[in-house]
Every structure is written in C-alpha cells, then in structure tokens.
Protein chains: 2
Amino acid sequence: MVGIIVTLRRLEAGVVVNRTVLVVDDNAKIVEVLSAYLKSEGFDVRTAADGPSAVASVAEQRPDIALLDIMLPGIDGIELTRRFQREHDLPIILVTAKTEEIDRLIGLEIGADDYVSKPFSPREVVARVKAVLRRVDGSHIPDAPSAIEVGDMRIDNERREVTIAGEVVELTRTEFELLATMASHPGRVYGRLQLLEAVSGDAFEGYERTIDAHVKNLRKKIGDDPRNPRYVRTVFGVGYKVGTD
Amino acid sequence: MVGIIVTLRRLEAGVVVNRTVLVVDDNAKIVEVLSAYLKSEGFDVRTAADGPSAVASVAEQRPDIALLDIMLPGIDGIELTRRFQREHDLPIILVTAKTEEIDRLIGLEIGADDYVSKPFSPREVVARVKAVLRRVDGSHIPDAPSAIEVGDMRIDNERREVTIAGEVVELTRTEFELLATMASHPGRVYGRLQLLEAVSGDAFEGYERTIDAHVKNLRKKIGDDPRNPRYVRTVFGVGYKVGTD
DNA sequence: CAGGGGCTTCACAGGCAGTTCACACGTGGT
DNA sequence: ACCACGTGTGAACTGCCTGTGAAGCCCCTG
C-alpha cells in the first residue's frame, strides 16, 4: 500500500508553495506513475501504501488534497474519506476498481469531491486533481485551461467532452486522452511512445501501432481525412500532432 | 549570426556542450524508449547492450552519467558500477528488476547515486537523471531546448518545424534531424559518419555519401546555394557545419 | 451467459522517403 | 596548369511508414 502527496503552487504569506497531493494506493506501480505525472505538473507528492500510513501522513502535515484507493490495507478508502473530511476538511478523490461502485458510493453519500474508476490515465487523474483544487478554493491553478479550442473543435477537459461546431462528438476514453494530450500543446509533435504512455501510463508495454488504430478511429469520429487533415496531422516517421502546420 | 534560445547545456572551457547519458541495457526496447525520452529532453545519448561494450564506450569518451541495468551480459551492472566509479568517478543510476533488490544493493553499499526499479516510467527516469546531475555538480539543468535560431532561420524541436523569416519550410524527418543536429552546436564541424549516426541511430551501416544527398535536398528546401551558403556550409574533406564561419 | 463495446494486434496495400549510383563539377595540391 | 579526389546532382531503386479492415480478447452489461 502506497500513498502519494502532490502539490501545485499556491501563494502563502507571499511565498510560493507547491500544492501537496497525498496519493494512497497499495499498488506501487500506480503510485509511481501518478507521482511522476503529478511532479511533472508541479505538485509535491507524498505517498502512503496503507490506511494507517495515510492517517499518520495527514496528521503530520495536511496535504492540499488526497487521492485514495478504496481497497486499502488497514483502513479502507471510504473510512479514510469520512475521517479526513471530518477532521481535516480535506478534498478527496476516490479511486475505485469498478465503475458501478461509484453509483453505490454516491448513494452512500460518502462525500468525496470526485471519483476516478480504473483503468484511468495519469492525465485524467491530474486533470481531476486540478479541477477539484480549483473548485475547492476557486483559485488560479496555473496551466490546465479547462478547455482548448482548435479551429471549430473544442476540447473540454473538465467535462471530458469534445464538440465540433457546437456538435458533441462521442469519444472513448482512449480517443479523448489521445486528442487532449496532443491538443494541450497545439503544433507540438508527439511520438507514438509518448502517446502510448499518455494513454496507458506505460510506454514500455504495448504495440506502437496501436496508436495508429486509435488515431484512425478518432479521425473517423471527428471527420478528419488523413490526406488532408484539419485537426490530427501525421508527421511522417515521427508521430502525430494537432493544429497549426 | 547565431542565437540560441534554450538548451540543456553546460559551459566547458567556453564551449557549449550537451550532457551525455550512457544507457546500458540488453533489452533493445527499453534502450530505445529511454533514448527517445532523454533525447527529447536535450541529452546526448549513447547506448550499449552489454558490459564490455559499456566499458569500451566509457573508455572512449566519458559520459556525464550512466544508466545501468543490473542483469547484463558479460559484466553485470554492479561490477560496472564499481569500476566506473573507481576509474572515472562516473555518476551511476542502477536499474533493477525487483524492488526488493534495491534494499539488498543499498546494504551492499554499491555506491550508485540512485536506483530505479522496473517497471518504471520513462519520465521518472529522466527526472532522476536530472536530479543526480543536479546533485553531482550543483548546477541547475534547464529544460530541453525548444528552439534554436541561426540568422533568420528558426529550428523548433518541439514542433519539428523549421521557419525562415517566418515562412515554414517543409522538411522530411532525416533532413530535420540533420539540420537540428548541426544547429545544436553552431560552428562545430560534423563528419559524415557523425551525421549518419545522428540521423539513423547507427553509424556502421550505410553509405557516407548518403549524407550528401540529404544535404543537397535540405539545401534546396531552405534555399541555400552550395557555392555561397547562408546556413549549411561544406568543410572540404571533413564534413558539414551550420552557422558562423 | 450471451451481447456489445473498446482495446489490441495483425496483415496487406499504397505511398512517401531514404539509399544508392553514375557522372558532372569544383577544390586543393603538385 | 594539371591531376586526383572530394562534392553536387538527378534519377532509379528499395524499403520503411502509414492507413485500413478484420479478427481476437477482455471486461462490463443486461
């Protein structure tokens, strides 16, 4: 069981302080991947592998937000959520193994600020962490515009929704991640390995050409012709990019 | 007239040099992935697939840091660590297959500067490489160069795009690599073998004159006259260079 | 447990890019 | 000025890269 704490910058008595995120999961790999992403986004990260460790970590120093797995040794995520919210008014994002659990949790009025179901992409988690922090203290969190526009296409990270000329386009999780990743830096070229990592969290396993398949499906849905693309351009021998030539 | 925007560099006797990382692993894919990420962060990367090759590579030219797999044909990573640290005072990051091995290794006081356990994310590795280099020589490591300017030509690595006086010039992958490689050290002369390696990743197969063909095509696209070049100059009997005379 | 959706992998086809060759031209040395 | 050798160049050839449809697999759903 591992817990991670992450932070984004915040102004405190005139001093710039990184936001701290506590990540709690017993899967070391998940913790590692999330840590890397959160750190690269400017958060400070602390980790815990089980319930009691998480409690100790929060008691020692209150993080700005906690990411809790539900299945946890010692004390489970639900109990932790109750305790942290009551005692520390801590924003919480719960991680569940099954989608259906979310409904049950909401029914139980657990009161977490957001939920993420596995499998999730690191990008998605980071986006939600930022969203919750933004919502909670309404402040300026650098980066992460909630929506990006490329031509008449609009990518809304918070709602996880893409519209073209106002029309909603239904995308799968992977397709959205692919598009959102590339659109976060329009014009920048992304290699297949980078995209594979952004989509699956691991660049080492998996077939690079899988990305091609997703790009194909994505293009079909957004009505993009590979020969004359408006949105997703292929960069021969390198990868793909979105937007400006 | 040469202008450099940003880059991962260090001043050495007045000369700008990229940091060099030696990646040693017998898994070709891992080497490939790590190389890609490290290069995209502005590092020069050399690779070796076994112990003896690594020794030869370091003897030939000392890298700034080495990334060693523990399980290695010929000479294992632990022995390499001892040798490199004793003989070259080389910063080392060890890669292990099992987390538990790390504790054992620390117990053995191998003296590596850091450890990474598989599976790891490429980002994590890059972060640790930077951290170790920062720790070792105290200097801040800036982010990867986003663009280099030579006269009115701008080479944007992130977008993989070249503009001259604001006009975009369409280049193939090889042409871009060629130009970007030479432009990373304006004024420095590159031999055909060096360029062949930079472009194909392998200097030992291929015809040197192939570079000439690419230079020809490149010059045509950027509007450079071989007799009176503004950007890519021929160094008779040696190779090519970009920029200042 | 049958159905469906989504992710991955595979095989094939077409096209673009890389390589090579041969010859013309320029360079530098004698 | 001549010669030898390195370089510029256009065209043909080869090979790699990408786009694509289809099949397999896994997980979730009803």
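The sequence lines fix the lettering, A, B, ..., with proteins before strands; numbering per chain opens at 1.
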I'd like to check the side chain to side chain donor-acceptor pair (under 3.5 Å) partners of A:T174; sequence neighbours left out, ordered by chain and number.
none

Enumerate the protein-to-nucleotides 7-11 of chain C contacts in which both atoms are nitrogen or oxygen and the separation is below 3.5 Å.
residue, atom, partner, partner atom, Å
C:dC7, OP1, A:T174, N, 3.3
C:dC7, OP1, A:T174, OG1, 2.7
C:dC7, OP2, A:T172, OG1, 2.8
C:dC7, O5', A:T174, OG1, 3.4
C:dT8, OP2, A:H214, NE2, 2.7
C:dT9, OP2, A:Y207, N, 2.9
C:dT9, OP2, A:T210, OG1, 3.0

Name all residues meeting the side chain to side chain donor-acceptor pair (under 3.5 Å) criterion together with B:E175; count only those two or more places apart in sequence or in a different chain, and write none if there are none.
B:T172, B:K221

Determine: side-chain N/O of A:R192 to OP1/OP2 of D:dT18, distance under 4.0 Å, yes or no.
yes

Considering residues at least two apart in sequence or located in another chain, which fulfil the side chain to side chain contact (heavy atoms under 4.5 Å, CB included) criterion with B:Y207?
B:R209, B:T210

Nucleotides 25-30 of chain C: which of its N/O atoms have a protein N/O under 3.5 Å away?
residue, atom, partner, partner atom, Å
C:dG26, OP1, B:R227, NH2, 3.3

Taking five pairs at each end, how big is the angle between the two axes of the helix from C:dC1-D:dG30 to C:dT30-D:dA1, to 10°?
40°

Spacing of B:L218 atom CG relative to D:dT7 atom P, expressed in whole Å
17 Å

Got a sec, which residues hit side chain to side chain donor-acceptor pair (under 3.5 Å) with B:T181, two or more places apart in sequence or on another chain?
none

Is it true that A:E197 and A:R192 have a side-chain N and a carboxylate O under 4.0 angstrom from each other?
no

Residues passing the side chain to side chain donor-acceptor pair (under 3.5 Å) test with A:D224, sequence neighbours excluded, are none

Rounding to an integer number of Å, can you tell me how far B:R219 CZ sits from D:dT7 P?
10 Å

Side chain of A:S200, backbone of A:L196: donor and acceptor closer than 3.5 Å?
yes

Starting at the 5' end of DNA chain D and moving along, which residue's nearest nucleotide shows up first, B:K220 or B:G237?
B:G237

Residues at least two apart in sequence or cross-chain that pass side chain to side chain contact (heavy atoms under 4.5 Å, CB included) with A:P226, listed by chain then number, are A:R219

Only counting residues at least two apart or in another chain, list the ones meeting salt bridge (Lys or Arg N to Asp or Glu O under 4.0 Å) with A:R128.
A:D114, A:E124

Residues at least two apart in sequence or cross-chain that pass side chain to side chain contact (heavy atoms under 4.5 Å, CB included) with A:N228, listed by chain then number, are A:D225

Whole angstroms only, please: what is the CG-P distance between A:D212 and D:dC17?
11 Å

Side chain to side chain contact (heavy atoms under 4.5 Å, CB included) involving A:E161 - partner list, sequence neighbours excluded
A:R159, A:T163, A:V168

